[in-house]
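See structure below.
Please read these numbers as outputs of a predicted model, since none were measured by experiment. Starting from 1, each residue takes its place in the sequence as its number.
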Amino acid sequence: MVEGVSKITMIGNSKIVLKSCIDKNDYEALKNLEITCTEYDSLSFKLELDYRLENAGKISKRETNINEFMYYLENELAGYINISNFGGDDLEITGMVHPVYRNKGIFTQLFTLVQDECKKRKSGEILLLCDNKSNSGISFIERFSQKYHHSEYDMVLNKELYPQQCSRSLNIRRAAESDARTIAEMNYDFFGIVIKEDDTAIVDNIVNGRTFIAEDGNGNVGSVRIELNDGTGGIYGLGVLSEYRGRGYGRELLMWSIEKLIEMGAERVILQVDTDNGNALNLYKSCGFEDENVMSYYVMRR
């Protein structure tokens, strides 16, 4: 049973549902809404619904943060916004509204509640994000943005361009809970992100067997997190420690991740990369990845 806080507010023939985490029924409704919006707008949404459902069971009874904001109109899910934390102190906010119910103030109502929730939290930067092709989404974000933060390419593997050969010298092992400090330190080296070793995102990813550490004869050299959901394999947080770069370890770890996901049943393999990270972008393209969408992030004004 999923624990955590849940609130429902009735407004005429509509209701707003606020929850710490989603359950399976929420997931099905949200997935259908995502498919509808994706097909209608030809846009990408970074909702992480599979991740959210998988981690729902770990929400404790003492959890008081609201992360899921859902607007129902006559029992049909019309709008949704979520707050995410993927490690560190920063929060990410994104959402969508059913095409039939747009321009009715639904997103604005939900976003006002999101703002109230963010004011209660101690956090780093709060990032608002959407597909860069969404003019309406970017326009809405800019009304509440302090500044532009960065953009990321959503990249998809083209298996016809994937090189089949790569030198192999690393030992790649599944991370253990005792590696939490090491992974936190690696993330700081890779991305400059301060993550505490007891951060729930790190711990959950280790416990669920999603995080792997690469070693050579001298010790740890890098790490990666891989996930498989509905036939789509994702590669996240791939990095090599500064002192080991330039030795081909990044390529080897990337190709291992691809092969591992395909072995697990992935029909599609994706990753994200900062549009300004030329070295990583060149590596990914050389291994068969092509950019599909651009997701832009803005810092929310407090």
Side-chain angles (χ1 to χ4, degrees), residues 48 51 85-90 150 152-157 161-229 232-264 266 269-289 291:
E48 308 292 355
Y51 178 86
N85 173 262
F86 299 109
D89 295 325
D90 294 347
H150 75 285
E152 292 179 351
Y153 286 120
D154 290 330
M155 305 193 78
V156 179
L157 179 67
L161 300 178
Y162 174 62
Q164 298 300 315
Q165 296 182 347
C166 175
S167 60
R168 302 300 166 98
S169 60
L170 295 173
N171 174 53
I172 300 174
R173 63 175 177 84
R174 198 178 297 273
E177 286 191 59
S178 58
D179 293 310
R181 177 187 291 273
T182 297
I183 294 169
E185 292 172 347
M186 283 185 174
N187 274 278
Y188 182 75
D189 182 272
F190 303 159
F191 313 114
I193 300 174
V194 177
I195 301 179
K196 299 177 182 178
E197 62 182 285
D198 60 350
D199 188 288
T200 56
I202 284 184
V203 175
D204 288 344
N205 287 327
I206 291 175
V207 170
N208 288 309
R210 292 185 291 241
T211 301
F212 294 81
I213 291 179
E215 307 167 321
D216 72 354
N218 297 314
N220 300 327
V221 303
S223 65
V224 66
R225 186 177 97 249
I226 59 175
E227 297 184 14
L228 178 64
N229 292 301
T232 296
I235 300 174
Y236 307 98
L238 186 152
V240 172
L241 291 170
S242 304
E243 61 267 36
Y244 293 102
R245 292 172 191 166
R247 304 185 190 184
Y249 289 159
R251 176 179 294 273
E252 183 177 348
L253 186 54
L254 175 63
M255 293 183 69
W256 177 89
S257 301
I258 295 169
E259 291 167 7
K260 183 71 173 178
L261 286 167
I262 292 174
E263 177 187 307
M264 292 165 61
V269 179
I270 63 171
L271 54 77
Q272 288 87 37
V273 59
D274 194 308
T275 55
D276 291 330
N277 190 343
N279 290 334
L281 188 58
N282 289 335
L283 168 63
Y284 298 148
K285 286 185 175 181
S286 72
C287 288
F289 283 89
D291 54 281

Closest non-hydrogen atoms of Gly250 and Leu238, given as atom of the first, atom of the second and distance, are O-CD2, 4.2 Å
Are side-chain N/O atoms of Asp189 and Ser242 paired as donor and acceptor at under 3.5 Å? yes
Heavy-atom nearest pair, Gly288 first then Pro163, reads N-CD, 4.4 Å
- Query: Taking the side chain from Glu252 and the backbone from Ser169, do they hold a donor-acceptor pair closer than 3.5 Å?
  - Reply: yes
Taken to the nearest 0.5 Å, the spacing of Met186 CE from Ile202 CD1 works out to 11.5 Å
For this session: Check whether any side-chain heavy atom of Val221 sits under 4.5 Å from a side-chain heavy atom of Arg247, and report yes or no.
Result: no
* Asked: If you draw a 6.0 Å radius around CZ in Arg181, do more than 12 non-hydrogen atoms from other residues or ligands fall strictly inside?
  -> no
Does any part of the side chain of Asp154, heavy atoms only, come nearer than 4.5 Å to the side chain of Phe289, both counted from C-beta? no
Residue pairs meeting side-chain hydrogen bond (donor to acceptor under 3.5 Å, both in side chains), one or both in residues 274-289, sequence neighbours left out, come to Arg251-Ser286
Residue pair Phe86 / Tyr51, side-chain heavy-atom distance below 4.5 Å: yes
Note: Cys287 and Met255 closest approach over all heavy atoms is SG-CG, 4.1 Å
Q. Are any side-chain N or O atoms of Arg225 and backbone N or O atoms of Gly237, one a donor and one an acceptor, separated by less than 3.5 Å?
A. no
Heavy-atom closest pair (Ile206 atom, Glu177 atom, distance to 0.1 Å) is CG2-N, 3.5 Å
Do Arg173 and Asp179 come close enough that some side-chain heavy atom pair is under 4.5 Å? yes
Distance col, row Ser223:OG vs Glu215:CD, nearest 0.5 angstrom, shows 11.5 Å
* Could you check if a side-chain atom of Glu259 sits within less than 4.5 angstrom of a side-chain atom of Val269, using non-hydrogen atoms only? => no
One should read off an interatomic distance between Ile270 CD1 and Ile235 CD1, to the nearest 0.5 angstrom, of 9.0 Å
Looking only at heavy atoms, the pair that brings Leu253 and Ala214 closest together is CD1-CB, 4.1 Å
Rounded to the nearest 0.5 angstrom, the CG-CG distance for Leu261 and Leu228 is 6.5 Å
Answer yes or no: is there a side-chain heavy-atom contact under 4.5 Å between Leu254 and Leu271? yes
With a 3.5 Å distance limit and no angle check, can you tell me whether Asn85 reaches the backbone of Asp90 through a side-chain donor-acceptor pair? yes
Applied to residues 237-260, the ring pair (Phe, Tyr, Trp, His ring centres under 6.0 Å) test, sequence neighbours excluded, yields Phe212-Trp256
Closest non-hydrogen atoms of Tyr162 and Ile258, given as atom of the first, atom of the second and distance, are CE1-CD1, 3.6 Å
When rounded to the nearest 0.5 Å, the distance separating CG of Leu170 from CD1 of Ile213 is 12.5 Å
